[in-house]
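One-based numbering, in listed order, for ligands and for the atoms of each. These values consider heavy atoms only, across backbone and side chains, with no hydrogens, waters or symmetry-generated copies.
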Amino acid sequence: MGTESKWGLSSSWFRRRISLGFVICFVALGAINPMAEARVRRYKWEVSYQLKSPDCFKKVTVAINGNTPGPTILAQQGDTVVVELKNSLLTENVAIHWHGIRQIGTPWADGTEGVTQCPIMPGDTHVYKFVVDRPGTYLYHAHYGMQREAGLYGSIRVSVPDGVVEPFSYDEDRSLILADWWHKSTYEQAAGLSSIPFVWVNEPESLLIQGRGRFNCPSLLGGPSTSTDTGVCNTTNPECSPYVLTVVPGKTYRLRIASLTSLSALSFQIQGHNMTVVEADGHYVEPVVVQTLYIYSGETYSVVVKADQDPTRNYWVSTNVVSRPPKTAPGLAVFNYYPNHPRRIPPTAPPPAPAWNDTRSRLAQSRSIRARRGHILPPPAAADKTLLFLNTQNKIEGYNRWSINNVSFTLPHTPYLIALKQNLSGAFDPAPPPETYDYAKYNIYEVAPNTNASYGDGVYRLEFNSTVDVVLQNANTMNPENSETHPWHLHGHDFWVLGYGEGKFDPAKDPTTFNLADPIMKNTVPLHPYGWTALRFLADNPGAWAFHCHIEAHFYLGMGVVFAEGVDRVGRLPNSIYGCGAAPKQ
Ligand SMILES: O=C1O[C@H]([C@@H](O)CO)C(O)=C1O
């Protein structure tokens, strides 16, 4: 790493240890140092349990350096990010995934427990080191069990290199993460999901904007104290006051909006303001003006907003559950026009939520977002391999599961990357999972018996540098007249979104409608109820990569697959990812 500068300036750990004078001195040196472009951004994180009240209800969270969301990683294209992570959870493993970072040349740093690494055990310290090769808006979050839901997440913001001008302008740059929040622990939820009878997680108690929400504690509203809220509902706690986004009248803001919900598809609105969508998952898009942005778990968008409304008042920022019958109050933050008091409640009610079951509007928005001119085009020829993935809910041995082509994914005890690279036999099923389903016979509109699903941990082996199409097919769940939204996330790659369709994908006809002219590239894409979504990607990143529904409970219940390509080209695996299953520490 000849270009490494030892003193990454954004590291909070580093900043705390040197005086401001030194920082200014190093910034000045950086400005004249030709080696300055590719810096190392060092972070030192400690993951621990913390009692927090993000929505005024106190519960155990999993935090980084005491906070949820964790610190924002700020870097510039080409920088190396080094995160030294200490697991101070007393009884629980951890692993962190860098969502949207492709990990080119460092597949072992993807942070996916069971796929690219062994879990980091309590007391252990693990170093993640990777290059952020593209500017854009990304995320990080736990990728172990259902731990993300306990609050272990944050933002990654990668800026363009010095001198590069972006295709839109703004005065200020802000990040907002949306999340849903439950009062039950993740352990209780996971236990319920793997029980007979099945105990569903149900709808969230609240929606959080940048880690802040407000749950309706009955006693706070003048009602009787109940055993569930006594001592835990405390709105005087500053932790649970709404997030405030202060804007200066006349200025333009780039808001990087990301969703890390565990279940909910969301709408997002800023009362009285239009938003111009300019970036999706790290790729510029043709500007689209919206009043309501629909956002699915794992997606990021940049919108440009001008503070051009009546500056004598504040406005609501609101988010609502869509695609499932909502039982959760809107998540609210304050869009505060300076110099109004940031706690001044906006004088009018939050904007009404869009109809939760208006699938057509959501589909229309998905289709309306197109790549910015000058984008990377997909290979135009037919794909080398097409995978047709039927998404179903199933019963296996009495347990509720989710399956892809009748296989419900289970994580092996030895990570795929190690097993494949070291040719460890017996680590996972060597038979590849099915590439299609019986589309001629399957009725996606009915509750199907789905009695022939099985557990599986096989891998789709992709030829290195081949073009792969994946068509995700949605279907009815085990409940009549019900089909849900599934945001699918691919690790290690971006894909082109070739199209969204309603109903059943017809392999003979629908590929002719694929958009090969200006498809957006993304890493996470919604599969709408009773619809299909078609993607194309190049299997050009040596490694083993998860592709899964980003709903925490759904991946936990088997809704995912693993791709592997070019593993023989992967460099020497670091010892730090070993230490489980058939992969003991070297
Ligand atoms: O996996 C799920 O289970 C429930 C429901 O289908 C069974 O109660 C639900 O809404 C899911 O997404």
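- A cation-pi contact, defined as under 6.0 Å to the ring centre and within 45° of the axis, links K59 to W181.
- For ligand 1, the protein residues placed under 4.0 Å by at least one non-hydrogen atom are F198, W200, R324, Q393, W402, N479, E484, H554.
- Aromatic ring pairs are classed by plane angle as parallel below 30°, tilted from 30° to 60° and perpendicular above 60°; the pair F389 and W488 is tilted.
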task = Applying ring pair (Phe, Tyr, Trp, His ring centres under 6.0 Å), run through F563 and F537 and close with a yes or a no.
result = CA-CA 12 Å; F563 297 131; F537 68 95; 5.5 Å; yes

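- Between H97 and Y140, the distance from one ring center to the other does not fall under 6.0 angstrom.
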inquiry  = Run H548 and H486 through ring pair (Phe, Tyr, Trp, His ring centres under 6.0 Å) and show every step you take.
reply    = CA-CA 9 Å; H548 61 93; H486 302 286; over 10 Å; no

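- In this structure, the side chain of Q117 does not engage the main chain of I577 through any donor-acceptor pair within 3.5 Å.
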